[in-house]
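Contents: one structure, followed by commentary.
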Amino acid sequence: MKRTRIMELAEFIDKRGKLTLEQIQTAFPSVSLMTLRRDLLYLEQEGRLIRVRGGAISTKETQKTSGVPYTKKMVTHTDEKICIATKASKLMEEGVSVFLDAGSTALYFAKELPDIPCNIFTNGLAVATELSKKQNVSINLLGGPLIKENLSTASSLTSEYFKDANFEFAIIGASAFTPEIGFACGSQTEADLLKLICSRAKFTYVMLDSSKVGKIKPYTFARIEDVSVLITDDAFPEGLKELFRQKNIVVI
C-alpha cells in the first residue's frame, strides 16, 4: 500500500512538473501532511524529485532540459498550462496531422495527448521525446540548428521541408500578447517559422495562459485575425475573450 502510494505520488509530480505541498495535499486528501513530507524525502533520496521550499520539482523535467530558461518555463504557471493543454488535447481526433511547437505548454499537451493514431510535426526536442512514449503517434521532427534556450530547432530550409507536408491545424503557444501587437515571441527565427506554420495550417489554435497578456516580445508571428481558436485559462480577461469572439474566433 505504501509503495503504491509513493509511486502514485511520483507519477503525479512527474506529470505536473512542479507542485506545492498544498496541491499535493489536495490530490492525496487521505494522506497526512507528515506522511507526504516523508514520501517526498524518500523520493528525493531515490532521485525522483527535488524538494524546494513549499513543494517539489520532478527531476524528469530538469533532465529534459540543457539550460535554465526552459526549466523555469516548465515550472511556472503550471496549473494554467496543464488546464490549457488538457483542453487542447481533447480537440484531437484520430488520423489528423498537426504542427505542435516547442513551448512548455506544448510539452504538457504532449503529456495529455491520448495515444491515438495521428501525425505530429514539431520543432521541439522535449516535445518529441514525450510523444515518443505513445505507440500510435507518428512524430516528424524538424531539423536545423538547436536553440538551447527552448530546446527547439529551426532552419532556413524550413519552407522546403514543409513544401510537401500537410497538416489540418497548428497548435502553438505565444510568449506575449496584446491586442495591438498580437502574438509574439523572442526570436526572429522562431517567428519566421510560426508565420510559415500559420500560413500552411488550415486552422491555427493558440494556447495562451493569462500570464502572457500585456507582455511585450520583439517579434510578432500572428495577429488576432490569424487565429481560429484561442485556448486559455479561467483568469484570462473577459474583455479580451469578448474581443476574440467578436472576430468569430472560438474561445475555449
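Not measured: the values here are computed from a predicted model.
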For residues [X] and [Y], determine if any side-chain heavy atom of one lies less than 4.5 Å from a side-chain heavy atom of the other.
X: Leu40; Y: Leu21; result: yes
X: Ile252; Y: Tyr205; result: no
X: Lys202; Y: Phe169; result: no
X: Ile13; Y: Ile24; result: yes
X: Ile120; Y: Ile139; result: no
X: Cys118; Y: Met92; result: yes
X: Asp192; Y: Leu196; result: no
X: Val227; Y: Lys247; result: no

Nearest heavy-atom neighbours spanning [X] and [Y]:
X: Leu91; Y: Ile231; value: CD1-CD1, 3.9 Å
X: Leu43; Y: Ala10; value: CD2-CB, 3.8 Å
X: Ser97; Y: Phe121; value: CB-CE1, 4.5 Å
X: Ala126; Y: Leu107; value: O-CD1, 3.5 Å
X: Ala110; Y: Val127; value: CB-O, 4.1 Å
X: Ala201; Y: Ala170; value: CB-N, 3.7 Å

Look at atom [atom1] of [X] and say whether more than 12 heavy atoms of other residues, nucleotides or ligands are closer to it than 6.0 Å.
X: Asp234; atom1: CG; value: no
X: Glu93; atom1: CD; value: no
X: Lys90; atom1: NZ; value: no
X: Phe203; atom1: CZ; value: no

Working to the nearest 0.5 angstrom, can you tell me the gap between [X] [atom1] and [Y] [atom2]?
X: Ile171; Y: Phe99; atom1: CD1; atom2: CZ; answer: 11.0 Å
X: Ser89; Y: Phe109; atom1: OG; atom2: CZ; answer: 6.0 Å
X: Cys185; Y: Leu193; atom1: SG; atom2: CG; answer: 9.0 Å
X: Lys212; Y: Met207; atom1: NZ; atom2: CE; answer: 10.0 Å
X: Phe167; Y: Ile197; atom1: CZ; atom2: CD1; answer: 4.0 Å
X: Asp101; Y: Asn123; atom1: CG; atom2: CG; answer: 6.5 Å

Treating [X] as the side-chain partner and [Y] as the backbone partner, does any N or O pair qualify as donor plus acceptor under 3.5 Å?
X: Thr220; Y: Gly182; result: no
X: Ser228; Y: Thr204; result: yes
X: Lys87; Y: Thr232; result: yes
X: Asp115; Y: Gln135; result: yes
X: Lys241; Y: Val251; result: no

Looking at [X] and [Y], does any basic side-chain N land under 4.0 Å from a carboxylate oxygen?
X: Glu8; Y: Arg5; answer: no
X: Lys111; Y: Glu130; answer: yes
X: Asp226; Y: Arg223; answer: no
X: Lys15; Y: Glu112; answer: yes

Consider only side-chain heavy atoms of I, L, V, M, F, W and Y, link residues closer than 4.5 Å, and tell whether [X] and [Y] are in one cluster.
X: Ile6; Y: Leu33; result: yes
X: Leu141; Y: Val137; result: no
X: Ile116; Y: Leu100; result: yes
X: Ile172; Y: Ile181; result: no
X: Leu142; Y: Phe221; result: yes

Name the orientation class of the two ring planes belonging to Phe236 and Phe177 (parallel below 30°, tilted from 30 to 60°, perpendicular beyond 60°).
->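 Judged by the thresholds at 30° and 60°, the geometry between Phe236 and Phe177 is tilted.
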Output, in order, the C-alpha distance, side-chain angles, deciding distance and verdict of side chain to side chain contact (heavy atoms under 4.5 Å, CB included) for Glu80 and Ser211.
-> CA-CA 9 Å; Glu80 292 89 341; Ser211 72; over 6 Å; no
